[in-house]
Amino acid sequence: MTATRTNAPKRVLLAAPRGYCAGVDRAVQTVEKALELYGPPVYVRKEIVHNKHVVQQLAERGAIFVEEETEVPEGELVVFSAHGVAPSVHENARQRRLRTIDATCPLVTKVHVEARKFAEQGYKIVLIGHAGHEEVEGTMGEAPDAIVLVETVEDVERLEFPPGTPLAFITQTTLSVDETSEIIARLRERFPDIRAPKSDDICYATTNRQIAVKQLARECELVLVIGSTNSSNSNRLVEVARSHGAESHLIDNASQVREEWLEGVETVGITSGASAPEELVRELVEFFRERGAEDVSELRTVDEDVRFMLPKTLRTELAARQ
């Protein structure tokens, strides 16, 4: 339903930090730079990041998105998405003589390295994550015979290993911090000797955006999260907002705001997932300004200054051309 001025929140509160994380920024820039340097077409395996708006903009500039590397014509250029890929994908690309640029987020690569090391050391690995997510598929591909996936505390209850099996756990980078803590606590209760990663696998951006949303939810009746439905970290933000007392909905853009959500709402909170561009936030703020919201402010909880360098392939090419 198209929103009218009938229901008009007086106040808009923006979560900070929100939106692009360093890994997403790097991945989007990777495709943009590849298009500039080599010209279209540039093939991209899967969505470079989980945001329809971003994917559409890149497609308009000449990026061609495919589900599998086997769809890329032999010898062409393909970019691997921020979510990471299994070693078998790299091998397929080599066999097809594809030129590859790997835009995997360095924090996802960290989890892949942990999986390989634990497997090489003889550990059975418990991966906490969401079945079917591209990041999970890539990580499991590093050691398919050694990894077992769990999504819930109930899954942990069902785990069975032969006595004396050396165990370790790793996690997807975009999970709910609180839910994951509960799963890890139960793993440690059941398997006291289980090994942990040297540092948390849930990435800084996921953690920081959840911290911001917890604070936002305490001050708003409604929290709108801008992000696509296949974005894990965006869905987690909706869950966190709801669990901390606010009504919350996931939207791709301002056109999806529904009139009934705004009934009785004095303060609306806005945040965006780690793959959602800031322009969508600005459009949503303008949507509420047009309805009469005059008080627009930002609730800052954490400052971020993380940056990742472009993939080496691109940096080398840029240096050569300069």
Side-chain angles (χ1 to χ4, degrees), residues 1-22 24-25 28 47 49-58 60 174 176-177 205-304:
M1 183 188 298
T2 303
T4 68
R5 294 180 180 273
T6 320
N7 298 309
K10 295 181 174 62
R11 183 178 178 225
V12 176
L13 200 54
L14 299 169
R18 62 180 178 273
Y20 271 16
C21 63
V24 164
D25 192 37
V28 174
E47 294 186 350
V49 296
H50 285 158
N51 186 270
K52 291 181 176 62
H53 181 80
V54 172
V55 168
Q56 183 178 340
Q57 284 189 326
L58 291 172
E60 288 169 0
T174 54
S176 161
V177 175
T206 297
T207 302
N208 290 348
R209 279 149 190 71
Q210 289 179 22
I211 290 170
V213 161
K214 287 177 186 179
Q215 189 63 38
L216 195 68
R218 296 186 184 105
E219 302 197 28
C220 306
E221 296 93 345
L222 171 68
V223 173
L224 296 176
V225 179
I226 298 175
S228 293
T229 52
N230 60 339
S231 166
S232 174
N233 75 86
S234 299
N235 280 290
R236 303 296 80 73
L237 292 176
V238 172
E239 293 169 0
V240 169
R242 288 174 178 169
S243 67
H244 284 76
E247 185 58 44
S248 186
H249 299 282
L250 181 66
I251 58 173
D252 269 311
N253 53 55
S255 70
Q256 294 182 350
V257 177
R258 293 168 60 172
E259 183 68 22
E260 58 264 31
W261 297 346
L262 306 180
E263 291 177 11
V265 172
E266 292 286 318
T267 302
V268 60
I270 298 173
T271 190
S272 50
S275 47
E278 184 65 12
E279 63 189 273
L280 298 178
V281 175
R282 290 195 293 268
E283 289 172 6
L284 186 57
V285 170
E286 188 56 33
F287 168 89
F288 285 113
R289 283 192 194 277
E290 289 174 358
R291 297 170 65 95
E294 296 178 356
D295 181 358
V296 178
S297 58
E298 192 171 69
L299 182 65
R300 181 161 292 279
T301 54
V302 184
D303 288 316
E304 290 181 349

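All heavy atoms count here, side chains included; hydrogens, waters and symmetry mates do not. None of these values were measured; they are calculated from a predicted model. Positions are given from 1 along the sequence.
Here the shortest heavy-atom pairing between Gln210 and Val177 reads OE1-N, 2.9 Å. Here the closest heavy-atom approach between residue Pro17 and residue Thr271 is recorded as O-OG1, 4.4 Å. Scanning both residues, Ala217 and Val223, for their nearest heavy atoms gives CA-CG2, 4.1 Å.
Every residue meeting the salt bridge (charged side-chain N to carboxylate O under 4.0 Å, His left out) condition with Arg300, not counting sequence neighbours, appears here in chain and number order: Glu298, Asp303. Considering only residues two or more places apart in sequence or on other chains, Glu304 meets the salt bridge (charged side-chain N to carboxylate O under 4.0 Å, His left out) condition with Arg209. Among residues two or more places apart in sequence or in another chain, the salt bridge (charged side-chain N to carboxylate O under 4.0 Å, His left out) test is passed with Glu266 by Lys10.
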Under 3.5 Å, which donor-acceptor pairs do the side chains of residues 233-245 form with other protein atoms, sequence neighbours left out?
residue: Asn233; atom: OD1; partner: Ala274; partner atom: N; Å: 2.7
residue: Asn233; atom: ND2; partner: Ser231; partner atom: OG; Å: 3.4
residue: Ser234; atom: OG; partner: Ser231; partner atom: OG; Å: 2.7
residue: Asn235; atom: ND2; partner: Thr229; partner atom: O; Å: 2.9
residue: Asn235; atom: ND2; partner: Ser231; partner atom: O; Å: 2.9
residue: Arg236; atom: NE; partner: Glu239; partner atom: OE1; Å: 3.0
residue: Arg236; atom: NH1; partner: His130; partner atom: NE2; Å: 3.3
residue: Arg236; atom: NH1; partner: Ser232; partner atom: O; Å: 3.1
residue: Arg236; atom: NH1; partner: Ser232; partner atom: OG; Å: 3.2
residue: Arg236; atom: NH2; partner: Glu239; partner atom: OE2; Å: 2.9
residue: Arg242; atom: NE; partner: Ser248; partner atom: O; Å: 3.0
residue: Arg242; atom: NH2; partner: Ser248; partner atom: O; Å: 2.7
residue: Ser243; atom: OG; partner: Glu239; partner atom: O; Å: 3.3
residue: Ser243; atom: OG; partner: Val240; partner atom: O; Å: 2.9
residue: His244; atom: ND1; partner: Val240; partner atom: O; Å: 3.1

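When atom types are taken as modelled, the side chain of Glu247 and the backbone of Leu222 share no donor-acceptor pair closer than 3.5 angstrom. At least one donor-acceptor pair closer than 3.5 Å links the side chain of Ser275 to the backbone N or O of His50. Formation of a donor-acceptor pair under 3.5 Å by the Gln256 side chain with backbone atoms of Asp252 is found in this model.
Between the NZ atom of Lys52 and the CG atom of Asn253 there is a distance of 10.5 Å, given to the nearest 0.5 Å. Residue Tyr20 holds its OH atom at 6.5 Å from CG of Asn51, rounded to the nearest 0.5 Å. The CD atom of Glu47 sits 10.5 Å away from atom CG of Leu58, with the distance rounded to the nearest 0.5 Å. Put simply, CD on Glu219 and OG1 on Thr267 are 8.5 Å apart, with the number rounded to the nearest 0.5 Å.
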### Task
Evaluate the criterion side-chain contact (heavy atoms from CB on, under 4.5 Å) for residue pair Leu216 and Leu13; output intermediate values, then yes/no.
CA-CA 8 Å; Leu216 195 68; Leu13 200 54; 3.8 Å; yes

### Task
For side-chain contact (heavy atoms from CB on, under 4.5 Å), just list the numbers for Phe288 and Leu224, CA-CA rounded to whole Å, side-chain angles, deciding distance to a tenth of an Å, and then say yes or no.
CA-CA 12 Å; Phe288 285 113; Leu224 296 176; 3.8 Å; yes

### From CA spacing to verdict: side-chain contact (heavy atoms from CB on, under 4.5 Å), Val12, Asp295
CA-CA 6 Å; Val12 176; Asp295 181 358; over 6 Å; no

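Side-chain atoms of Glu279 and Gln57, non-hydrogen and from C-beta on, do get closer than 4.5 Å to each other. Residues Arg11 and Glu294 fail the side-chain proximity criterion, which asks for heavy atoms closer than 4.5 Å. Within the 4.5 Å cutoff, the side chain of Ile226 has heavy atoms near those of the Leu284 side chain. At least one side-chain heavy atom of Leu14 sits less than 4.5 Å from a side-chain heavy atom of Val281. For the pair His53/Leu280, a side-chain contact is recorded, criterion being any heavy-atom separation below 4.5 Å from C-beta on. Counting heavy atoms from C-beta outward, Ile270 and Val225 have side chains that stay 4.5 Å or more apart. For the pair Lys214/Ile211, no side-chain contact is recorded, criterion being any heavy-atom separation below 4.5 Å from C-beta on. In this structure the side chain of Leu262 reaches within 4.5 angstrom of the side chain of Val257, judged on heavy atoms.
Evaluation of the ring-ring contact (aromatic ring centres under 6.0 Å, His included) test over residues 260-280, restricted to residues two or more places apart or in two chains, returns His249-Trp261. Annotation: ring-ring contact (aromatic ring centres under 6.0 Å, His included) contacts involving residues 215-237, sequence neighbours excluded, are absent.
A donor and an acceptor atom, one from each side chain of Asn230 and Ser228, are nowhere located under 3.5 Å apart.
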